[in-house]
Amino acid sequence: MASRIGRFFSAITMRDFHFPTRGLANYYLSCCVNTLLQTFSATWELAELLDKWDAAGVRTDGCNVPLELKKVLVAMRSNLHQADPHRDFLQCLDRNRIRLSVQHDADEVFLSILNFMQQQMDNKALALEIQNLYKISVETHVECLKCSSVQSLTSYLLSLPLHIKEDHNSLEGCLTSFFEHQELRDINCCFCAQCEIKTPSKQRVRLRSLPPILCVHLKRFRNIRGYTQKLDCRVTFPKTFDLSEILLEAFSEDFAKNDCKYTLYAVAVHSGTAMYGHYTAYVHHRKTQHWYYADDSCVEQTSWEKVQTTYGGHNRRTAYMLMYRRDSKEEGKQPECSG
C-alpha cells in the first residue's frame, strides 16, 4: 500500500512537470477502458483524425462514443488539469451497454469502440479512414477434401487473434501458425456447395493488405470444461519486425511487400486470473521516445526491459494486446495502406 501511495504522488509530481502520459482513476472496475484509452492516446493518427471531425451536428446527450472519445483524448493531451477527464466516456460506454462495475475483455471492448465509431460518426468518410487505420484485409480459401472444389471469401479484421500454445511461444511462431493450412474435420466441417453437404476441408488465410496500426490479440483465455481459464504461458514479442520475412507464403498474389516493417508502441497487460483480473498499459511516447507504465491513475517512466517482463511464464502480468505501428519513411507522415 505504501509503495502504491508513493507511486501515486510520484505520478502527480511528474505530471506537474509536463509528464506526457496522464493517469486515469479507476471508476467502477474501469481498468480495462483506462488501459485502452492509454493505447488510443498513444495512437496519434487516431487523435488527428478525430480532431478533423466537426461534430457540431451530433446530439450531445452523452450517448455518442466517438464524440466522448474525442473529448477525452484532447483532455489527455492537454497540460491543463482536468479532474476525471474520462468519466463522461465511461458513462457513455455504459449507456451503450459496455457496463460499469463489470469486468470486460479488452479486445472485445476495443472492437466495440471501433464499431461504435463506424455507426455513430456522421462523417462516414472520416469514419472509414479510422477503420482503415486498423483494417487487415484477408482472403480465406476453403478446399473440400472430398471433391477438391475451392471456395474463397474476402473479409477484414480489426485485430489479429493469435492462438497460443500451453508452453513457450513467440509472436513470430504464432503468426506463422495463423496463416498455415488447417484441416477442418468433425464438428468443424464446412458446407461444400459442390457436394451439397458438410465435408472435411482444408482452410488457409492469406493477407491482401496490412494497416498502418497492427493490433495483435494474444488469445490467453480458454473455455475448458465450461470454465474460462487464463494461459500465463510465455509469449515473446519483438520491438520491431518485418512481416515479409516472417510470413514467406502468407500473402495474396497482388500484395505489395514493401510496407511490412512494424514497431511496437503500446502493450495492454492483463494481471491475475480470468475471474479476478486487472489491466494496465505500457505506451511509447512519440516525442520523448520513452516508455511509460500506466496503472490507472499511477504513471511512471519505464524501460523496454520492463515491457519484456510481460512475456509471461512465471509472471502473471502478461501481454494481452500488442499495438504495432508500420514504419514510415517520413516522421509524422501517416502511411498509406499497402496491397
Side-chain angles (χ1 to χ4, degrees), residues 32-50 65-66 69 73 98 104-118 127-138 155-164 169-172 174-179 205 207-221 235-243 246-247 250 259-270 279-284 286 291 294 307 310-311 318-328 334-339:
C32 173
V33 176
N34 292 357
T35 291
L36 291 174
L37 284 173
Q38 296 292 354
T39 69
F40 284 137
S41 181
T43 310
W44 55 265
E45 300 91 336
L46 173 63
E48 287 186 354
L49 287 173
L50 285 173
V65 172
L69 178 60
L73 292 182
I98 299 178
H104 292 286
D105 180 90
D107 184 68
E108 291 179 1
V109 176
F110 169 76
L111 294 176
S112 294
I113 291 172
L114 293 185
N115 287 329
F116 285 137
M117 285 194 268
Q118 295 303 301
L128 183 60
E129 284 192 61
I130 291 174
Q131 184 184 78
N132 287 339
L133 275 180
Y134 300 93
K135 186 175 179 180
I136 308 161
S137 182
V138 296
S155 59
Y156 70 87
L157 305 165
L158 297 176
S159 69
L160 198 59
L162 299 184
H163 179 87
I164 61 176
N169 303 259
S170 68
L171 178 62
E172 297 89 338
C174 293
L175 285 166
T176 301
S177 296
F178 183 85
F179 290 99
V205 179
L207 279 168
R208 296 188 71 245
S209 66
L210 286 166
I213 303 299
L214 180 63
C215 175
V216 176
H217 170 209
L218 302 176
K219 299 180 70 175
R220 288 190 175 274
F221 297 108
V235 184
T236 61
F237 50 86
K239 187 187 294 186
T240 62
F241 67 84
D242 187 338
L243 267 176
I246 299 171
L247 306 175
D259 285 324
C260 299
K261 296 180 180 179
Y262 283 85
T263 299
L264 185 71
Y265 74 93
V267 181
V269 178
H270 184 273
Y279 284 101
T280 56
Y282 285 95
V283 293
H284 190 259
R286 179 188 177 194
W291 282 96
V307 178
T310 66
Y311 287 166
T318 53
Y320 187 57
M321 297 176 68
L322 308 173
M323 301 289 184
Y324 282 90
R325 173 177 285 112
R326 188 167 58 198
D327 293 350
S328 176
Q334 180 178 313
E336 298 178 356
C337 289
S338 64

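No hydrogens, no waters, no symmetry mates; every other heavy atom, side chains included, goes into these values.
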*asked:* For I136, is there any backbone N or O sitting under 3.5 Å from a side-chain donor or acceptor partner on R208?
replied: no
*asked:* Can you confirm whether V267 sits close enough to V283 that some side-chain heavy atom of one is under 4.5 Å from a side-chain heavy atom of the other?
replied: no
*Are T240 and Y262 close enough, and set up right, to give a side-chain contact (heavy atoms from CB on, under 4.5 Å), and what steps lead you there?*
CA-CA 6 Å; T240 62; Y262 283 85; over 6 Å; no
*For the residue pair A268 and T35, what are the closest heavy atoms and their distance?*
CB-CG2, 3.7 Å
*asked:* I need the L218 CG to N169 CG distance, nearest 0.5 Å.
replied: 8.5 Å
*Given side-chain contact (heavy atoms from CB on, under 4.5 Å), test T176 with F178 step by step and report yes or no.*
CA-CA 5 Å; T176 301; F178 183 85; over 6 Å; no
*asked:* Treating S112 as the side-chain partner and E108 as the backbone partner, does any N or O pair qualify as donor plus acceptor under 3.5 Å?
replied: yes
*Under 6.0 Å between the ring centres of Y265 and Y324?*
no
*Got a donor-acceptor contact below 3.5 angstrom from the E45 side chain to the L133 backbone?*
no
*Can you find a pair of side-chain heavy atoms, one from M321 and one from T39, that are under 4.5 Å apart?*
no
*Just by modelled atom types, is the N34 backbone N or O under 3.5 Å from a matching donor or acceptor in the Y279 side chain?*
no
*asked:* Let's go through Q131 and Y156 carefully: what are the C-alpha distance in whole Å and the side-chain angles of both, what is the deciding distance for side chain to side chain donor-acceptor pair (under 3.5 Å) to 0.1 Å, and is it a yes or a no?
replied: CA-CA 10 Å; Q131 184 184 78; Y156 70 87; 3.2 Å; yes
*Specify whether F40 and F110 have parallel, tilted or perpendicular ring planes, treating 30° as the upper limit for parallel and 60° as the lower limit for perpendicular.*
parallel
*With rounding to the nearest 0.5 Å, note down the distance linking NE2 in H104 to CG in L36.*
10.5 Å
*Is any side-chain heavy atom of V307 less than 4.5 Å from a side-chain heavy atom of F237?*
yes
_What verdict does the side-chain contact (heavy atoms from CB on, under 4.5 Å) test give for L207 and L247, after you've listed the backbone C-alpha separation in whole Å, the side-chain angles of each residue and the deciding distance to 0.1 Å?_
CA-CA 10 Å; L207 279 168; L247 306 175; 4.1 Å; yes
*List the steps and the verdict of side-chain contact (heavy atoms from CB on, under 4.5 Å) for L158 and N115.*
CA-CA 10 Å; L158 297 176; N115 287 329; 4.3 Å; yes
*Between atom SG of C215 and atom CG of L114, what is the distance when rounded to the nearest 0.5 Å?*
8.0 Å
_CG-CG distance between D242 and D327, expressed to the nearest 0.5 angstrom_ = 9.0 Å
*Measure the OG1-CG distance between T263 and L214 for me, rounded to the nearest 0.5 Å.*
11.5 Å
_Using 0.5 Å steps for rounding, measure from the CZ atom of R326 to the CD1 atom of I213._
9.0 Å
*Hey, which of H270, R220, K219, H217 is the one that makes side-chain hydrogen bond (donor to acceptor under 3.5 Å, both in side chains) with Y320?*
H217
